[in-house]
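Data first, discussion second: the structure below is written as structure tokens.
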Amino acid sequence: MANHPQWLSPAISAELQQQVLESKTLDVANGCFVYDLEQLQAHLASLQQQDVIKLWFAVKANPLSRVIQTLDSAGFNFDVASSGELAQVLQQGIAPERILNTGPAKSKQQIHAFIKQGVRVFVAESLNQLQWLNEASQAENVTPQVLLRVQLQWPEGEKNPLGGNALTPFGLSVAEWQGIKVTDFPSVDICGLHIFQWGNMLSNQKMYQLWQQMVPPLCQLANDIGMTLKILDLGGGLGIDYLQQGVGLSWQQIITDLAKIKQQAGVDELWLELGRFAVAHCGYYLSPVVDKKMNYQQAQLVLAGGINHLLRPAITDQPFPVALLRTSQSESKQYDVHGPLCTSMDKLGQFSLPEDVSVDDVLVFGLCGAYGFTESMPFFLCHEIASEWVWHSGKLTEIRTAESANWYLR
Ligand SMILES: *Cc1c(COP(=O)(O)O)cnc(C)c1O
């Protein structure tokens with residue numbers, strides 16, 4: 001590659017070129033993910049250079065075993081939102097006391113099962129969940145920490161930092177929570193509030209403004225229901241510059257801002273559950289070009305893998321950045337890049353790529369460490385399931401082999 005894109009480290013680029021184009025140890029025919037665990041380790045260590053924020057990993061961003069193990073080694077705790085995620089984290093040898101359970105669909109049975117398995121921190125998203133947590137805790141004779149998830153609305157207009165008040169199933173309004181008294185739930189320790197209703201924030205200033213506006217209503221709520229507010233959990237949503245516009249958050253600034261928020265809210269602990277901000281940069285997705293054509297003056301590429309392996313661009317309009325794996329000196333031009341599914345939705349974006357890109361060339365997409373493999377739609381049209389590899393200590397290791405459709409078809 002003539003110019004190295006900022007999201008592609010020269011080391012991994014050289015390694016992938018070597019493994020794919022020369023020694024052919026990495027077979028990308030069916031599409032594959034590669035996670036650079038050394039990059040991840042270094043990044044996580046930099047996030048931990050502070051004592052303001054307790055960090056959790058939102059497992060939904062990437063539940064691969066080796067990714068979870070790397071976060072574990074870096075001292076992260078784990079936020080799980082399903083029985084499957086809980087099982088996967090426990091399977092990696094992580095103590096259940098380091099696991100937190102969020103999510104709007106916690107059934108009474110699931111809550112009881114999580115408590116039996118040793119989970120001791122819960123985010124309650126409804127009055128039912130709070131009641132069920134109290135009942136299960138009493139039955140098991142334990143006292144888990146419970147944070148109430150709050151969903152705020154802002155006045156319509158310019159002052160609204162989110163630009164709208166779309167109602168979601170995450171948490172409850174202040175008015176609904178105001179109907180409880182913490183003393184009515186003696187078997188749980190209601191000790192904090194959780195709020196998270198923004199996505200992919202890319203401005204420190206906007207983020208801080210939003211956090212600041214939330215402090216007074218949250219402190220008021222805690223006071224109204226008789227809770228000593230010890231923990232404030234601000235979720236995730238720290239942004240990634242998918243569109244490569246040269247914008248992004250400064251972690252140093254976040255720490256400075258959150259130290260102030262911690263003081264304003266008067267809490268002992270401030271928590272974040274990071275998804276993309278923790279793992280997006282470590283991941284790559286590779287797929288070969290299957291066809292190239294001109295169509296109504298538009299150059300089109302069709303890849304072996306598309307939204308069956310990388311759904312996110314189709315549902316967010318944010319493409320993952322891409323480059324041609326081999327070196328090319330030719331001029332760039334705009335290509336529409338499509339996948340193999342027979343639906344117009346299967347488009348990974350429009351990109352500037354070298355003019356001489358051709359059939360059998362391999363494209364590498366970046367920022368795919370979060371919301372890649374498990375957020376996609378691998379079954380549609382019965383293509384192959386992508387493989388997953390990790391790169392560590394100069395070695396590529398296959399964690400999941402590619403599978404053909406007969407693996408799941410019945
Ligand atoms: C998805 C999710 C996160 C992580 O979001 P990112 O934007 O990837 O950081 C954190 N907390 C909760 C409750 C979530 O559902």
Side-chain angles (χ1 to χ4, degrees), residues 35 40 43-44 47 53-64 67-68 71 74 76-86 88-89 98-106 110 114 119 121-126 129 145-152 162 166 168-172 192-204 206-207 210-211 214 218 231-243 247-249 251 254 258 269-283 310-313 315-318 320 367-376:
Y35 309 107
L40 179 58
H43 174 60
L44 298 176
L47 297 180
I53 311 157
K54 176 166 172 169
L55 290 173
W56 305 73
F57 174 52
V59 173
K60 77 168 188 273
N62 192 331
L64 188 73
V67 169
I68 290 173
L71 280 131
F76 275 63
N77 299 293
F78 296 87
D79 168 25
V80 303
S82 69
S83 303
E85 287 185 353
L86 175 62
Q88 175 72 343
V89 173
R98 289 175 52 209
I99 297 174
L100 139 74
N101 179 211
T102 59
K106 302 182 199 77
Q110 184 188 305
F114 273 45
V119 178
V121 189
F122 291 86
V123 171
E125 312 226 9
S126 71
Q129 286 188 6
Q145 291 186 310
V146 172
L147 281 64
L148 307 180
R149 186 162 183 176
V150 181
Q151 188 175 150
L152 291 178
L162 298 172
T168 71
F170 308 117
L172 286 176
L193 296 175
H194 178 287
I195 182 159
F196 170 34
Q197 44 189 113
W198 47 89
N200 210 50
M201 276 278 179
L202 288 164
S203 151
N204 281 102
K206 197 170 165 191
M207 192 84 249
L210 184 58
W211 285 333
M214 296 172 343
L218 295 179
I231 300 168
L232 185 57
D233 183 340
L234 296 172
L238 305 189
I240 293 294
D241 188 11
Y242 291 109
L243 303 180
V247 291
L249 297 172
W251 181 243
I254 288 172
L258 285 180
E269 293 184 34
L270 203 139
W271 296 358
L272 288 180
E273 310 125 20
L274 300 182
R276 73 195 72 207
F277 201 74
V279 296
H281 278 96
C282 79
L310 274 187
L311 179 65
R312 195 172 181 280
I315 54 178
T316 59
D317 266 336
Q318 290 167 348
F320 291 103
L367 308 179
C368 296
Y371 307 121
F373 183 85
T374 60
E375 197 187 280
S376 299

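Both ligands and their constituent atoms are indexed starting at 1 by order of listing.
- With hydrogens and angles disregarded, a donor-acceptor distance shorter than 3.5 Å links the side chain of R98 to the backbone of F76.
- Protein heavy atom at the shortest distance from atom 5 (O) of ligand 1 is Y371 OH, 3.5 Å.
- Closest to atom 4 (C) of ligand 1, if we only count protein heavy atoms, is A58 CB, 3.5 Å.
- With ligand atoms numbered from 1 in the order given, ligand 1 contributes 11 (N), 12 (C), 13 (C) to contacts under 4.0 Å with heavy atoms of D79.
- When atom types are taken as modelled, the side chain of K106 and the backbone of V123 share a donor-acceptor pair closer than 3.5 angstrom.
- Of the possible donor and acceptor atoms, none in the side chain of H194 sits under 3.5 Å from a partner among the backbone N and O of E125.
- Looking at G103, G275, A280, it is G275 that brings a heavy atom closest to atom 9 (O) of ligand 1.
- Here F277 has no heavy atoms under 4.0 Å from ligand 1, in either its backbone or its side chain.
- Scanning the protein for heavy atoms near atom 13 (C) of ligand 1, the closest one is E273 OE1, 3.4 Å.
- Residue-to-ligand polar distances keep L238 apart from ligand 1: every N/O pair is separated by 3.5 Å or more.
- Within the 3.5 Å criterion, the main-chain N or O of D79 finds no donor-acceptor partner in the side chain of E273.
- Residue contacts with ligand 1: H194 is placed with no nitrogen or oxygen under 3.5 Å of a nitrogen or oxygen of the ligand (distance criterion only).
- In the vicinity of T102, heavy-atom distances shorter than 4.0 Å reach the ligand 1 atoms 13 (C).
- Checked against a 3.5 angstrom limit, the closest N/O atoms of G237 and ligand 1 fall inside it.
- Judged purely by atom type and a 3.5 angstrom limit, N101 uses its side chain to pair as donor or acceptor with the backbone of V80.
- In terms of polar-atom proximity, defined here as any N/O pair under 3.5 Å, K60 does make such a contact with ligand 1.
- Q151 contributes no side-chain N or O that, together with a main-chain N or O of Q197, makes up a donor-acceptor pair within less than 3.5 Å.
- Between N62 and Y35 there is a side-chain heavy-atom pair separated by less than 4.5 Å.
- Among all heavy-atom pairs drawn from S203 and K206, the shortest one is OG-N, 2.9 Å.
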